[in-house]
Amino acid sequence: MPSTNRSALSPAARREHLDRLRAATADAPLDVLVVGGGVTGAGAAFDAATRGLSVGLVEAGDFAHGTSSRSSKLMHGGLRYLQMLDFKLVAEALRERDLLLTHTAPHLVKPVAFVFPFFRKVIDRSYIGAGVALYDAMQSVGRKRAVPVHRHLLQKKMLTVFPALDGEKIVGALEYYDAQVDDARFVAMLARSAAQLDAAVANYTTVTAYLHDDAGRVTGVRVRVEESGEEFEVHARQTILAGGVWTQDQQELAGAETGLEVLASKGVHITVAKDRIPAAPGTGIITQTEKSVLFIIPWDEYWIIGTTDTPWKLDVAHPAATSDDIDYVLEHANAVLTSDLTRDDVIGVYAGLRPLLQPVSKGEKSSSSTKVSREHTVMAVEPGLSAIAGGKYTTYRVMAEDVVDFAIKDDFAGRPSLTTSVPVIGAQGYEELVASKAEIARSYGFDEVRVDRLLMRYGALLRDVLALIDDDASLGRPLEHAPRYLRAEALYAARAEGVRHLSDALTRRMRLDYEMSDRGVGAAEEVAALIGPELDWDGERTRLEIVTYRAFIEARLEGERTHDDDAAETASSRVPEVPQVGPGV
């Protein structure tokens with residue numbers, strides 16, 4: 001592979017990263033160890049690495065395998081938080097969104113337009129219009145605009161922009177802009193960005209214990225490498241817990257007497273084919289429901305529609321969508337569309353848990369997740385162990401900076417974060433490739449849509465993917481059962497993106513579990529055949545990965561046929577996402 005930078009998370013690189021984690025002894029500890037490979041944890045590892053610190057990142061599953069791959073895929077200011085008068089949060093999120101669009105990750109974060117429909121001609125246009133005008137004004141203070149200004153649409157123009165809206169109910173609209181992101185790929189890129197700056201990063205490396213010195217200070221963790229069963233200690237001067245909905249479990253494992261409390265809220269999204277909802281390219285819908293906000297988001301050749309917002313009190317490892325959740329999303333989408341969607345239109349479904357910070361009070365705590373603040377909090381849950389919880393995806397960089405600042409304030413004063421200036425890998429040189437996309441299309445026989453997809457997934461790293469095709473032209477063919485993706489993309493996922501299991505490739509490096517009606521089952525054999533040799537799988541291991549993925553998808557589908565969380569969780573959790581492959585299994 002032509003790229004020699006340290007960001008390539010190949011199998012050989014994984015061995016080297018694990019060796020460096022093993023080498024972090026009590027006499028030679030890491031400066032910072034991050035526990036949790038979601039967007040906040042990967043962001044914290046990247047942040048700490050930009051400061052020139054020695055950094056480790058461990059994650060029990062795949063990078064972004066929890067909340068960070070199951071979001072609405074938006075980088076946005078949070079228009080509804082203006083209603084809550086949370087101006088600080090909105091201003092912060094808008095600033096971070098614009099930084100991502102213009103500098104940090106322009107290959108991964110793109111502008112998207114939203115139509116906000118009016119059901120009451122005067123009241124909605126005045127009330128919603130005033131809110132969006134303020135939202136827009138907050139984007140123009142002290143910086144150049146990153147997205148166009150909003151505009152009001154009379155009913156006739158609205159139906160030109162978004163013909164699928166129900167003109168009998170909706171009397172007009174307003175169009176404004178935010179941004180969208182492929183959430184799972186973004187986290188993988190953050191982890192690779194940290195690795196490029198010499199952080200040692202490892203997925204499928206579970207924390208089994210927290211280490212303490214004689215004074216009770218946390219001095220690192222004991223981890224288990226899931227594939228081998230090997231356990232070893234990783235020592236660090238400072239440990240950061242970015243556990244999301246697993247925060248309280250990890251605090252208990254550390255023996256902390258105090259800590260952060262996180263409330264899990266389930267959000268369910270569905271996907272439907274693009275041609276089912278006629279609209280101008282790149283334009284979606286936002287509208288309020290009685291419980292949450294409904295988004296109809298354009299994404300490639302389909303729509304992402306969601307979300308729900310209901311408390312989740314079961315195992316946080318297995319959030320599951322029910323049949324009722326799916327019907328709820330369809331019902332609220334149909335409330336604004338002229339042609340009703342049905343269950344037959346649903347291509348895929350995914351469920352995730354929002355880690356909302358639970359406010360601590362003397363009285364009984366509220367069980368309503370919708371009233372919990374989205375602002376984040378950093379806390380020393382034990383000496384040497386700092387935890388962060390709350391916040392929102394868009395403000396991950398601020399959260400990462402804050403928790404690293406907090407953790408290193410005594411040991412490494414005067415080491416400021418550089419993440420406002422250091423871009424995520426793939427950003428540097430991205431614009432040059434965009435300028436060359438016609439040439440890329442001609443050279444490789446791709447259409448414009450294919451090239452645009454590749455550029456958004458890889459940015460400047462597309463050169464490495466194309467180099468694989470240069471070496472083997474057969475890798476330039478689309479996958480037979482998932483033609484949006486090239487065979488080279490599957491191979492690259494194993495060679496550079498940290499994939500350890502078939503599901504990693506199918507559900508997070510590619511998004512076949514909700515992009516394809518068969519949830520990626522049809523592509524499983526072809527992808528396994530491509531990545532297996534890279535990961536040193538024999539025939540039995542390859543077969544096990546395929547069988548496990550098929551059973552995992554069937555269990556999810558079974559859960560989607562149930563009508564309550566308990567039944568859905570029971571069904572969906574009966575098969576693990578990845579096979580157990582350690583010694584003795």
- request: Just do the salt bridge (Lys or Arg N to Asp or Glu O under 4.0 Å) check on R509 and D504 with the steps written out, would you?
  value: CA-CA 6 Å; R509 307 311 183 273; D504 301 340; 5.3 Å; no

Test applied, side chain to side chain donor-acceptor pair (under 3.5 Å); reference residue, R97; option that passes from T102, T394, D178: D178

The single option from T308, D565, T310 passing side chain to side chain donor-acceptor pair (under 3.5 Å) against K266: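 Answer to the side chain to side chain donor-acceptor pair (under 3.5 Å) test with K266 among T308, D565, T310: D565.
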
- request: Among K110, R457, R511, find the one that has a salt bridge (charged side-chain N to carboxylate O under 4.0 Å, His left out) with D182.
  value: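 Exactly one candidate clears the test, R511.
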
Short question: side chain of [X], backbone of [Y] - any donor-acceptor pair under 3.5 Å?
X    : Y    : value
Q248 : V262 : yes
K392 : M75  : no
H76  : A93  : no
Q196 : S7   : no
T395 : V398 : no
D62  : H65  : no
H235 : A24  : no
D136 : A133 : no

Output the distance between atom [atom1] ([X]) and atom [atom2] ([Y]), rounded to the nearest 0.5 Å.
X    : Y    : atom1 : atom2 : value
T377 : L357 : OG1   : CG    : 4.5 Å
L294 : I286 : CG    : CD1   : 9.0 Å
E497 : L9   : CD    : CG    : 8.5 Å
S71  : F186 : OG    : CZ    : 11.0 Å
Y135 : S140 : OH    : OG    : 12.5 Å
L418 : D47  : CG    : CG    : 8.0 Å

Check whether any side-chain heavy atom of [X] lies under 4.5 Å from a side-chain heavy atom of [Y], and answer yes or no.
X    : Y    : value
F46  : V422 : yes
D315 : E569 : yes
R20  : E16  : yes
V58  : V34  : no
E59  : T205 : no
D183 : V39  : no
V223 : T206 : no
I240 : V35  : no

Mark yes or no: [X] above the aromatic ring of [Y], with NZ or CZ under 6.0 Å from the six-membered ring centre and no more than 45 degrees from the axis.
X    : Y    : value
K73  : Y350 : yes
R185 : Y458 : yes
K409 : F406 : yes

If we ignore angles and hydrogens, is there a donor and acceptor under 3.5 Å between the side chains of [X] and [Y]?
X    : Y    : answer
R95  : Q139 : no
S54  : R237 : no
D309 : S265 : yes
S72  : H269 : yes
R397 : T419 : yes

Minimum heavy-atom distance [X]-[Y], with the two atoms named:
X    : Y    : answer
I425 : S193 : N-OG, 3.0 Å
A320 : S572 : CB-OG, 3.4 Å
V403 : A44  : CG1-CB, 4.1 Å
A64  : A184 : CB-CA, 4.1 Å
T67  : P355 : CG2-CD, 3.8 Å
A494 : P11  : O-CD, 3.5 Å

[X] and [Y] ion-paired at < 4.0 Å:
X    : Y    : result
D513 : R70  : no
D98  : K144 : no
E230 : R22  : yes
D198 : R6   : yes
E577 : R508 : yes
D31  : R51  : no
R217 : E382 : no

task: Take R14 and E227 through the test salt bridge (Lys or Arg N to Asp or Glu O under 4.0 Å) and record every step on the way to the result.
output: CA-CA 12 Å; R14 177 179 175 80; E227 291 166 288; 3.4 Å; yes

message: Is it the case that over 12 heavy atoms from other parts of the model lie below 6.0 angstrom from the OH atom of Y127?
response: no

message: Taking CD in Q428 as the centre, count heavy atoms belonging to other residues, nucleotides or ligands within less than 6.0 Å. Is the count above 12?
response: no

message: With a 6.0 Å cut-off on the ring centroids, do H501 and Y204 count as close?
response: yes

- prompt: Can the ring centroids of F114 and F295 be said to lie less than 6.0 angstrom from one another?
  reply: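 Yes, they do, as the ring centres are separated by less than 6.0 Å.
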
task: Determine, step by step, whether E560 and I326 satisfy the side chain to side chain contact (heavy atoms under 4.5 Å, CB included) criterion, reporting the C-alpha distance in whole Å, the side-chain angles of both residues, the deciding distance to 0.1 Å, and the verdict.
output: CA-CA 8 Å; E560 291 167 18; I326 297 167; 4.0 Å; yes

